[in-house]
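Report on one structure; see the data block that follows.
In what follows, every heavy atom counts, from backbone to side chain, and hydrogens, waters and symmetry copies are set aside.
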Amino acid sequence: MASFAMPARFARPLFVAAILAGSFLLFLVQPMVARMALPRLGGAPAVWNSAMLVYQALLLGGYAYAHWLGRVTPRLQAAIHLAVLLVAALWLPIGLMAMQLPADAQPAIWVPWLLGASIGPLFFAISAQAPLLQRWFSISSKGQDPYALYAASNFGSFGGLIAYPLLVEPGLAVHGQSALWTAGYILVVILVAVCAMTLPKEKTTVVATRVAASPPPSLGRVAHWVLLAFVPSGLMLATSTYITTDVVAMPLLWVLPLGLYLLSFTIAFATRRGPADLLTRLAPIVILLVGGILVGGLQGKPYLNAVLALLLLFMASVALHTTMYRVRPEPDRLTGFYLAMSVGGALGGVFAALIAPLVFDWTYEYPLLVLASGILVPQSFLIPEIGLLWSGNAQRRRIITLAIALVMALLVLAVLNGAGAGMDDPRALQGIVFVIMVAVGVIAIGARTAFVIALAGALIVFGGYRSIRLSLEPGARTRSYFGVYTVNGDAELRTLQHGTTIHGTQLLGSVARERTPTAYYVGGAGVGQAMQAAPALFGGHARIGVVGLGAGTLACYARPGQSWRFYEIDPAVVHIARDTGQFTFLRDCLPNPRIEIGDARLNLAVEPAGSLDLLTLDAFSSDAVPMHLMTREAFATYGRVLAPNGLLLVHISNKFLDLEPVVSAAAAAEGWHAAKLVYFPGRDVPEPRAVSFWIAMSHDPHTLAALVARDRSWKPLARYPGFTPWTDDYSTILPLVKAFR
């Protein structure tokens, strides 16, 4: 391999360009491949967390490989790495393996396997770029500090993530995205080859660069690096789950926490230290005030909750990564430092994506990671006068700390007593507690032990106690791979809640009340009218399918002679609706129904053609939308399973997205006749009352006309000629977000 001397003013831009390009591709591929996986694996937020775990494991492998390459000469490193890049190119163009997954495929198993086999070699090869090229730069530039290039690496990663939902996904179909990424990969290989040519080939120089001159880090220092990487990585995944549960499982929201996480590296490792130092100084304030609020959540303000969660994640990540930068080793130990960082990141992913859903019945990982952030972030007094208060002997500091602990204990008791008396966080008490919390925080910030006590108290006072109380109630909480389900109720009413959305409500007190469909499924709603019309439309032996079981409410529309089947992706929901006795819709109205567990689209794909007369699509987890159930290909599957005169009911009630254009475009593209019904329940409808938006579709105009004739509230489905139908190859939700319209 030839070499050439490059002027210093050109060497740095060359390495920055190579690192930027590699990192841009590395993190462009994450949402892109997750998007490709939607039709195969479903759209739950946990799918993204599992995908993130795969990425972190591959990143760890790449960093370990870069660290191992330090054992050989730089020129040999270059030869080996270029060979690895060329071998990985055999997996181009990038995409998922062409295989059909089983209908009962579980994302926890198939996501790691499918993604690893599809993009593993490419991701592994390009993930080693940042640490490897930084080491080459240090050698080529004769000892210049390479850590600033890590800021460039994370800026490129941030750019790749943000570019996907804003530019790439709306502008290109999946096959076009794959071609773009392939071209970028070729460019990266060329840039790496040019960087390799700058490496010296003199043996004396090479041998000198292979020997680390600085002392090796202690085990305690390495553990500190791992811990500083573990907490923000786990917090990033916990935040992803938090903000996507009630909006939509989509790359636009998936990438925001990861993008801010990467941007925090750019700030923390930048040459200019002002922004990092300022944000690190402010981080304890944000963690204390925002962390406690988010545990309870601001009811009815999902967008504000999301913004606050992202702010907390960003501030905590900047502070922890700045701490990591401050304790970084000399450049000759660079790859070992990044390897420890990658180990911490992977462990954070394992904790948040795998361990927490198994160990906790609620998202306790979130407050635990917030508390860990408070323990680890640097502490400094906000104003000098507070520092003087804490100055003096140890006895004085202990007395102030005990006083703060006593105040926090009294606040906790006050809130618990208020809740026990039926004052579940009244505004007056909440305001007083918040003011006292601010005052205590101002005094505690700078004294680590006191600050941690104040933070723990805030996490309990502002919502943690409610979660603990529910966890202590038998059967009140169930957690699965797909989310947290909470059963609440009293003598009159019982509800099933996923995230902040009610997914089933049963009236209690009499047989008639317990068999009454409620909420979105009342008789006047679109699905209620269709179910009641089924005997007239399809005869006494109508074949009915329901995508999304919930509490089993729709089962009480079943009539003797009908054949029913449910499609539910989460076994935990089946257990709640059928086995626990908490809801009796199935037991009382449709004992022992056929329930197909797994992704509905995959299960419907193997059903016989024309085997259903009526199909209801109500499979949304919380207010999240599984995009793969709304594509043209999905509607083609529904049309194949339905009889020629069959009827499809699609539930599109959503707080955040206007989904009518999606269904309208699919109906027009696939030849469906469609009508919509926005149902506003009157006061004669028993509580709880819920506005619902249903769309009825059929390939037979006579079937649809017969349904619509029963109620004048049905209206023609609006047309959106400029809206491109969603397909497995193309979809974007930006035009649908209600805040943007």
Side-chain angles (χ1 to χ4, degrees), residues 6 8-27 59-78 80-82 84-85 124-160 188-189 191-200 205-206 208-214 217 225 229 262 264-272 321 324-345:
M6 177 176 288
R9 67 178 185 276
F10 296 132
R12 188 181 185 89
L14 170 64
F15 277 88
V16 168
I19 289 176
L20 272 172
S23 298
F24 184 89
L25 285 186
L26 190 66
F27 284 85
L59 189 66
L60 174 60
Y63 278 26
Y65 155 73
H67 182 62
W68 173 85
L69 278 183
R71 300 167 181 258
V72 302
T73 64
R75 302 285 287 181
L76 185 54
Q77 292 177 31
I80 293 174
H81 187 56
L82 285 170
V84 168
L85 288 169
F124 170 83
I126 209 164
S127 66
Q129 298 285 99
L132 194 58
L133 291 185
Q134 285 178 70
R135 181 165 57 202
W136 292 1
F137 173 75
S138 181
I139 295 169
S140 299
S141 61
K142 298 180 180 179
Q144 290 189 39
D145 185 6
Y147 281 105
L149 271 65
Y150 191 61
S153 168
N154 283 281
F155 184 75
S157 302
F158 175 76
V188 166
V189 173
L191 289 172
V192 170
V194 176
C195 289
M197 294 173 66
T198 68
L199 293 170
T205 304
V206 169
T209 60
R210 292 173 56 199
V211 179
S214 63
W225 293 340
L262 293 170
S264 73
F265 278 111
T266 301
I267 295 174
F269 281 71
T271 303
R272 297 179 59 185
H321 292 151
M324 188 182 300
Y325 177 83
R326 291 172 179 173
V327 296
R328 71 194 185 282
E330 294 298 322
D332 57 0
R333 301 283 180 185
L334 176 145
T335 55
F337 171 66
Y338 288 137
L339 179 59
M341 185 189 303
S342 183
V343 169

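- Looking at residues two or more places apart in sequence or on another chain, you find no side chain to side chain donor-acceptor pair (under 3.5 Å) involving Ser342.
- The aromatic rings of Phe269 and Tyr325 lie perpendicular to each other, with more than 60° between the two planes, well past the 30° mark.
- With a 4.5 Å cut-off on side-chain heavy atoms, Met341 and Phe265 count as touching.
- Among all heavy-atom pairs drawn from Ala18 and Cys195, the shortest one is CB-SG, 3.8 Å.
- Every side chain to side chain donor-acceptor pair (under 3.5 Å) that Ser264 has, sequence neighbours left out, goes to His321.
- The structure places CG of Leu14 at 9.0 Å from CG of Leu133, a figure rounded to the nearest 0.5 Å.
- A donor-acceptor distance shorter than 3.5 angstrom exists from the side chain of Trp225 to the backbone of Val327, with no hydrogens or angles considered.
- Nearest heavy atom pair, residue His81 against residue Leu132, reads CG-CD2, 3.5 Å.
- The line from CZ of Arg328 to OH of Tyr338 is 9.0 Å long, rounded to the nearest 0.5 Å.
- Side-chain contact between Leu262 and Thr266 is absent, with no heavy-atom pair separated by less than 4.5 Å.
- With sequence neighbours left out, the side chain to side chain contact (heavy atoms under 4.5 Å, CB included) criterion links Ala21 to Val188, Leu191.
- Of all non-hydrogen atoms in Ser127 and Tyr63, the two that sit nearest each other are O-CE1, 3.3 Å.
- Taking the side chain as every heavy atom from C-beta outward, Leu199 and Gln77 never approach each other to under 4.5 Å.
- Taking CD of Gln129 as the start and CZ of Phe24 as the end, the distance is 15.0 Å to the nearest 0.5 Å.
- Contact of the Leu59 side chain with the Leu26 side chain is registered, since non-hydrogen atoms from C-beta on lie closer than 4.5 Å.
- The six-membered or imidazole ring of Trp136 lies away from that of Phe15, with a centre-to-centre distance of 6.0 Å or more.
- With values rounded to the nearest 0.5 angstrom, Tyr65 atom OH is found 6.5 Å from Ile80 atom CD1.
- Atom CD1 of Ile126 and atom CG of Leu25 lie 4.5 Å apart (nearest 0.5 Å).
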